[in-house]
Amino acid sequence: MPMSQRDENREIYQRFAGNPILRAADFPSSVNAVFNPGATEVNGRTLLLLRVEHRSGLSSLVVATSDNGLTGWEIDQTRGLQPRSDVDEERWGIEDPRITRIGDDYYVVYVGFSAYGPLVSLAKTKDFEHWERCGVLLPPEDKDAALFPTIFNGRWGLIHRPVPAMSGLGKHMWLSFSPDLRHWGETRVLLEARLGGYWDANKIGLGPPPILTKDGWLLCYHGVRETASGSLYRLGLALLDRDDPSKVLARSNDWVFGPREPYEQSGDVPGVVFPCGWILRDDGDTLHLYYGAADSVVCVAETSLARLLDHLKAEPSGLGLN
């Protein structure tokens with residue numbers, strides 16, 4: 001049933017009417033699913049680095065480009081990143097890229113599905129065709145990672161989500177620093193998964209890379225709620241201090257985007273919206289969020305940066321509820 005105009009006005013994100021924008025059927029070869037894209041702009045065009053799950057079950061990263069970021073997508077299977085089957089770190093594929101641009105270089109943090117569990121790896125490129133693999137940043141089990149696009153007192157900053165060895169401890173978002181992208185330390189919990197009945201209880205993880213705003217670093221993160229019918233992935237917001245990203249300024253109590261449409265409720269993993277990329281457009285306010293739906297297709301939703309910041313300012317931070 002269509003939403004009323006009043007309900008539409010309550011929604012912070014507006015789904016593109018042409019969703020899904022990319023499906024497995026759009027590929028010239030047979031693939032199982034396409035989802036969880038990283039996003040950036042290259043030479044004035046929107047570029048998505050798609051997670052493509054092949055019928056083998058393993059994933060690779062493939063490029064799709066568009067003039068307007070909504071329609072007319074061109075898939076280029078000669079560009080992207082293929083897993084290295086000859087190394088343990090990528091034996092079972094590569095997944096869920098987050099793209100951070102610094103100067104002319106694009107730093108892609110991705111999940112390597114190793115023989116010992118998921119881990120955080122990094123590759124660098126200027127054109128998404130020629131790649132410099134920088135290796136493993138953090139060992140298993142760790143994922144949902146992205147770099148900040150700036151340096152803090154000579155150190156790179158990385159948000160990531162390790163999994164504790166002991167069950168029942170919760171899966172939280174962490175922050176680590178490095179002088180050289182190889183040696184990581186000063187590690188601390190950044191955002192805790194809440195407890196009890198909250199939408200983001202017990203397990204959370206970063207969505208797209210942080211965006212610097214006039215109020216600080218804006219984060220979009222996912223929370224996972226276990227239900228009788230399976231896991232339910234929704235999105236929330238947080239704000240970090242621009243000079244000290246370990247300082248959380250605000251956090252939404254309520255989720256702001258969740259699975260609702262048929263293409264989000266039906267697929268390989270129903271009830272999932274999972275963004276790995278967003279792009280702030282030239283007007284400095286329009287924000288396109290690119291996400292995987294039901295681990296099967298790629299979709300986009302639009303919002304206003306000002307509206308996201310106003311939402312965080314209007315809500316209690318929720319910091320005392322962790």
Side-chain angles (χ1 to χ4, degrees), residues 27 29-38 49-63 77-100 105-147 156-167 169 171-187 203-207 209 222 224 231 268-269 272 274 276-277 292 295:
F27 277 70
S29 58
S30 294
V31 300
N32 178 62
V34 52
F35 53 114
N36 299 3
L49 189 59
L50 311 165
R51 174 181 173 182
V52 177
E53 184 183 289
H54 303 275
R55 294 194 175 187
S56 65
L58 278 63
S59 294
S60 63
L61 307 181
V62 175
V63 166
Q77 293 183 283
T78 68
R79 299 171 72 191
L81 193 63
Q82 299 296 317
R84 290 188 56 187
S85 59
D86 60 328
V87 297
D88 285 335
E89 292 85 354
E90 299 180 5
R91 180 178 295 179
W92 293 333
I94 55 178
E95 309 172 352
D96 302 350
R98 275 88 169 177
I99 304 169
T100 299
D105 293 316
Y106 298 87
Y107 292 79
V108 179
V109 179
Y110 62 96
V111 176
F113 208 131
S114 80
Y116 311 103
L119 48 76
V120 176
S121 291
L122 174 67
K124 188 168 65 171
T125 185
K126 293 183 183 295
D127 56 10
F128 291 88
E129 183 175 359
H130 304 91
W131 295 84
E132 176 188 345
R133 272 185 160 87
C134 304
V136 174
L137 302 187
L138 295 168
E141 182 173 340
D142 211 326
K143 59 193 316 184
D144 296 333
L147 289 168
W156 298 81
L158 181 79
I159 298 175
H160 56 109
R161 205 280 309 286
V163 174
M166 295 178 62
S167 62
L169 294 181
K171 300 174 182 178
H172 315 295
M173 291 166 56
W174 289 65
L175 175 66
S176 296
F177 293 97
S178 171
D180 56 8
L181 290 174
R182 293 181 62 85
H183 304 90
W184 294 90
E186 299 181 70
T187 303
K203 181 180 179 181
I204 61 174
L206 182 66
H222 64 261
V224 184
S231 299
D268 280 359
V269 186
V272 174
F274 196 95
C276 289
D295 278 14

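Along the sequence shown, residues carry numbers from 1. The analysis underlying the following values was restricted to heavy atoms, covering all of them including side chains, and did not include hydrogens, waters or symmetry mates.
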**Item:** Y106 vs F128, ring pair (Phe, Tyr, Trp, His ring centres under 6.0 Å): CA-CA, chis, key distance, verdict
**Value:** CA-CA 8 Å; Y106 298 87; F128 291 88; 5.0 Å; yes

**Item:** Approximate separation, where rounding is to 0.5 Å, of L49 CG and I99 CD1
**Value:** 5.0 Å

**Fill in**
So CG of L138 and CG of L119: to nearest 0.5 Å the spacing works out to 9.0 Å

**Message:** Which heavy atom of V136 sits nearest to which heavy atom of P139, and what is that distance?
**Reply:** CG1-N, 4.3 Å

**Message:** Can you tell me how far apart NE2 (H130) and CZ (R79) are? Round to the nearest 0.5 Å.
**Reply:** 10.5 Å

**Prompt:** If you take all heavy atoms of I94 and P83, which pair is closest and at what distance?
**Reply:** CD1-N, 3.8 Å

**Non-hydrogen atoms of G292 and P37 that approach each other most closely** = N-CD, 4.1 Å

**Message:** Strictly below 4.0 Å, N to O, side chains only: are R133 and E90 in salt-bridge contact?
**Reply:** yes

**Fill in**
When rounded to the nearest 0.5 Å, the distance separating NE2 of H183 from CG of L137 is 12.0 Å

**Request:** Check whether any side-chain heavy atom of N32 sits under 4.5 Å from a side-chain heavy atom of H54, and report yes or no.
**Result:** no

**Message:** Could you report the tightest heavy-atom contact between P118 and V111, atom names first, then the distance?
**Reply:** CB-CG1, 3.8 Å

**Asked** Can you tell which of L61, V62, V108 makes a side chain to side chain contact (heavy atoms under 4.5 Å, CB included) with L81?
**Response** L61

**Message:** Could you check whether any side-chain N or O of T125 sits under 3.5 Å from a backbone N or O of W131, counting only pairs where one atom can act as donor and the other as acceptor?
**Reply:** no

**Message:** Just to verify, which of L58, N36, V34, D268 counts as forming a side chain to side chain contact (heavy atoms under 4.5 Å, CB included) with E53?
**Reply:** D268

**Complete:** Heavy-atom closest pair (G80 atom, V63 atom, distance to 0.1 Å) is N-CG2, 3.9 Å

**Message:** Check this for me: does any side-chain nitrogen of one of R98 and D144 sit under 4.0 Å from a carboxylate oxygen of the other?
**Reply:** yes

**Message:** With a 4.0 Å cut-off on N to O distance, would you call R161 and D142 a salt bridge?
**Reply:** no

**Item:** Test item: F274 and D96 side chains (from C-beta on) under 4.5 Å apart, heavy atoms
**Value:** yes

**Message:** I'd like to check V109 versus Y107 (side-chain heavy atoms, cut-off strictly below 4.5 Å). Are they in contact?
**Reply:** no

**Item:** Distance, nearest 0.5 Å, that separates OG of S59 from CG of L50
**Value:** 11.0 Å

**Message:** Let me confirm one number: the CH2-OG1 distance from W174 to T187, rounded to the nearest 0.5 Å.
**Reply:** 7.5 Å

**Message:** Taking the basic N atoms (NZ, or NE/NH1/NH2) and the acidic carboxylate oxygens, is any pair closer than 4.0 Å for E95 and R51?
**Reply:** yes

**Message:** Looking at every non-hydrogen atom in both residues, tell me the closest pair between S176 and W184 and how far apart they are.
**Reply:** O-CZ3, 3.7 Å

